[in-house]
Structure formats: C-alpha cells, structure tokens
Amino acid sequence: MNIIIAGGDGFCGWPTALYLSKQGHDVSIIDNMARRKWDDELKSNSITPIADLKERVEKWKELTGKEIRTYEGDLNHYDFLKEVLRQESPDAFVHFAEQRSAPYSMIDREHAIFTQVNNVVGTLNVLYGIKEMVPDCHLIKLGTMGEYGTPNIPIEEGYLEVEHKGRKDVLPYPKQPGSFYHLSKVHDSHNIMFTCKVWGIRATDLNQGVVYGLDTEETQMDPVLANRLDYDGVFGTALNRFIIQSTVGHDLTVYGKGGQTRGFLNIQDTVRCIEIAAENPADKGEFRVFNQFTEEFSVLDLANKVQKVAKEEGFDTDVAHLDNPRVELEDHFFHAENTKLRDLGLEPHLLTDEVIRNILKTAMAHKDRVIEENVLPSVSWK
Ligand code: NAD
C-alpha cells in the first residue's frame with residue numbers, strides 16, 4: 001500500500017513509518033518540524049539525541065535499501081497538502097500531525113487557540129484533501145482515550161447503545177475531555193464522523209491511550225534512527241517521565257492522590273495497531289472507532305512500579321504527591337473496552353519490570369541531557 005504518515009518525525013510517527021516501510025509498504029512522511037520548534041520555545045529537549053529527518057531517512061535507505069519520501073510542510077497549508085496527495089495518491093493517510101500536549105494547550109489563550117486551529121483546521125484540510133484528490137483513501141486518525149474523560153460507567157469503543165423513553169438507538173459515546181487539546185480531538189472526531197456521513201469518507205478514529213517506551217526493532221538498528229523521548233512537565237507523559245525522573249534523583253511527581261486511571265500501551269503496539277487498521281480499512285462512509293490501549297493503570301501504580309525497578313538498579317527515589325495542576329478526578333471508576341484491535345490480531349506487549357528496566361537504561365545513558373528545571377509541572381489549568 002502507499003501510506004502517508006503525517007507527523008512522521010514525531011514520537012509515534014517515526015517508528016510507525018519505519019515499521020510500515022519494513023513490512024513492504026510504500027511510505028512517505030509529512031511533517032512541518034513543529035515539535036522540534038516547541039522544544040526550542042520551551043527550552044526543552046528529547047533526552048535521546050535525535051537526528052534530523054533527512055539524515056534519518058538516508059540512514060534507513062542505507063541500512064535497508066528502502067526509500068521513505070519526505071515532504072516538509074504544514075497540514076494547515078492546503079495547497080501543499082493537495083500537492084502531496086496528488087503526487088502520492090495514498091491508499092491510507094495516517095494522521096499523527098497535531099499539537100498533542102494537554103499542558104501546552106493550557107498555557108494561555110494563544111496556546112489554546114494555536115492548538116485548536118492547528119489540530120482542527122489541519123484535520124479539516126485532510127478531509128477536504130481526501131474528498132477532492134483521493135476519495136477512496138482510508139483516513140487513520142489518532143484520537144485519544146482522553147476524549148471520553150472518566151465517566152462512572154464502562155467506556156465503549158466509540159458508540160453506546162441507549163434506551164430512552166421507550167426508544168433505542170446506538171449513539172456516539174459521550175465525550176468529556178479534560179483540556180483544550182483533548183477538546184480539539186473531540187472536534188476532529190465530530191468533523192470526521194460528519195464527512196464520513198455526507199461525503200462517504202472511510203475513516204478509523206484510534207482513541208489511543210498513553211504511549212510508553214521509545215524503541216522498536218527498527219529504531220534500534222542505528223543511533224541515527226533513535227526515537228525521541230520526552231520527560232519535561234509539558235510534553236513528558238506518565239511512566240516515561242517517572243522513569244527519567246528516577247535516573248536523575250528526582251522525586252516521582254504524582255499529581256494529587258494518583259488515583260487517576262488511564263489506558264496505556266507500548267510504542268511497539270502503536271505501530272502494530274496502525275498496520276492492523278491500514279490492512280483492514282473502514283468501509284466507504286464508515287466512521288469506525290477503536291480504543292487503542294492494552295492495559296489500565298493508575299498514576300500511583302505506575303510510580304510504584306518505577307520506584308521498585310529503579311531501586312533494583314541502584315536509584316532510591318521517593319514518590320511525591322504534588323498539588324494537582326490539572327482539574328480532574330483523582331479517585332474514580334475507570335474501565336474501557338478494547339477488544340476490536342485484538343479481534344483483528346493485536347498481541348499486546350505488556351508492561352513488565354523488564355520493559356521499565358530497558359527504558360531506564362536508555363534514560364541512564366543520556367541522563368546528562370536532562371534539563372532539571374523542566375521536570376516539574378509549570379502549567380496550571382486554573
Ligand atoms: P509528537 O509531537 O511527537 O509528533 C507529532 C508530529 O506532528 C511532530 O513531529 C510535529 O512536528 C508534527 N506536526 C504537528 N502539527 C503539524 C502540522 N500542522 N503539520 C505538519 N506536521 C505537524 O506527538 P506523538 O506523541 O507522536 O503523538 C502523535 C499523535 O498521537 C498525536 O495526534 C497525539 O495526539 C496522538 N496520541 C499520542 C499519545 C502519546 O502518548 N504520545 C497518546 C494518545 C494519542
């Protein structure tokens with residue numbers, strides 16, 4: 001298949017591009033390098049040194065003989081996007097290319113507006129581009145489990161059967177997102193669902209959990225292929241952030257009680273889920289939703305797991321309960337369905353001590369790159 005990976009220079013997109021290329025797909029990347037610029041803005045960095053995109057794809061070609069074409073540009077520039085779609089004529093368009101940090105979206109008015117314009121307009125352009133240029137192309141869009149919030153009933157995969165005043169219907173599952181970033185994803189989902197209905201677009205919305213890890217078989221082939229690993233209070237996600245904190249002697253920063261429970265998955269499962277979605281496309285006009293995570297953990301569970309492994313590796317760290325900068329429930333019911341990707345063949349890589357140890361070893365090798373002032377949360381929701 002010809003597959004475009006938008007956001008292919010990022011944490012999920014880069015390993016996905018390599019993996020799909022290795023499986024024999026004809027892969028190209030769109031990215032505007034915005035993520036690298038946000039690091040400059042926040043005076044932050046990836047703990048792993050990352051080569052620029054051109055060097056990355058040249059090394060991939062040298063090692064495997066496979067070409068990944070790159071298009072540097074912004075999804076918000078419609079003429080650019082249309083030209084890429086014309087040249088590539090993709091069978092699948094994998095859309096990772098958004099501003100994905102909840103804290104970044106909550107910095108101030110400008111960052112909230114930037115996040116929603118970048119994400120919502122970018123996705124609208126992709127929808128128009130597919131309609132005008134490649135109407136049969138399957139859109140595989142990264143959403144997030146955070147779209148659902150934490151309702152007091154189990155979370156279904158996209159839709160809920162409801163009985164009301166004696167009548168029944170299957171309706172989109174209610175969304176209760178917790179930041180302007182998560183809201184942008186909900187707006188995207190609505191726009192995609194609408195265009196599936198009115199234009200017959202085929203789309204899969206992948207409501208992804210929090211991704212941990214950094215390596216896949218492909219990114220480990222050479223240091224130039226290394227993936228980024230975020231640890232700062234703005235872009236670092238739970239687990240990866242805790243592991244890095246433990247290697248620099250920082251307390252593990254649990255926000256509030258730590259009972260916040262979420263779905264998680266290994267980056268190795270992210271790449272496989274995209275392959276599964278691409279190889280089993282949605283029907284024309286279908287808005288298909290998969291919950292893309294493999295296990296549920298509370299933030300405190302994760303901190304305790306990291307503390308134990310870090311101790312075995314000689315790092316004594318404490319778990320610190322900080323005032324929660326977010327507005328969220330800290331003690332709540334959480335259970336979400338996640339059978340659809342498994343039914344299509346996903347075999348999860350579960351979170352073991354060994355997995356934590358491996359990420360910890362990578363973090364140890366680069367711990368001199370950690371900028372300690374960036375570790376604590378700096379953005380408040382209020
Ligand atoms: P990332 O920031 O590492 O990668 C996103 C990439 O998209 C970056 O390389 C960035 O430069 C590019 N980009 C952003 N806006 C763009 C635009 N307008 N035009 C072109 N390129 C643009 O993020 P990630 O962690 O790889 O996440 C990828 C996707 O998966 C996001 O949509 C995110 O919301 C979703 N997701 C991620 C996680 C996670 O834990 N990382 C969890 C759930 C969902």
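Read the numbers this way: they start at 1 and go in the same order the structure lists the ligands and their atoms. Given the structure is predicted, the values throughout are model-derived calculations rather than measurements.
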Visitor: Please walk me through it: do Leu183 and Gln116 pass side chain to side chain contact (heavy atoms under 4.5 Å, CB included)?
Guide: CA-CA 8 Å; Leu183 276 153; Gln116 293 213 350; 3.6 Å; yes

Visitor: Run through Glu312, Lys311, Lys305 and flag the one making a side-chain contact (heavy atoms from CB on, under 4.5 Å) with Lys308.
Guide: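 Only one of Glu312, Lys311, Lys305 forms a side-chain contact (heavy atoms from CB on, under 4.5 Å) with Lys308, namely Glu312.
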
Visitor: Output the set of protein residues with a heavy-atom contact under 4.0 Å to ligand 1, ordered first by chain identifier and then by residue number.
Guide: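 Shell around ligand 1 (4.0 Å, heavy atoms): Gly7, Asp9, Gly10, Phe11, Cys12, Asp31, Asn32, Met33, Ala34, Arg35, Trp38, Gly73, Asp74, Leu75, Asn76, Phe96, Ala97, Glu98, Arg100, Asn118, Leu142, Gly143, Tyr181, Lys185, Gln208, Gly209, Val210, Val211, Arg228.
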
Visitor: Kindly assign one of parallel, tilted or perpendicular to the pair Tyr104 and Trp38, based on the angle between their ring planes and the thresholds 30° and 60°.
Guide: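 Answer is tilted, since the angle falls between 30° and 60°.
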
Visitor: Hydrophobic side-chain clustering at under 4.5 Å (ILVMFWY, transitive links): who's grouped with Tyr255? Put none if nobody.
Guide: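 Grouped by the 4.5 Å side-chain rule, Leu322, Leu376 form the rest of the cluster around Tyr255.
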
Visitor: Is it true that Arg272 and Glu347 have a side-chain N and a carboxylate O under 4.0 angstrom from each other?
Guide: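 So Arg272 does not pair with Glu347 through a salt bridge.
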
Visitor: Which heavy atom of Arg326 sits nearest a heavy atom of Ala102, and at what distance?
Guide: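 Closest heavy-atom pair between Arg326 and Ala102: NH1-CB, 4.4 Å.
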
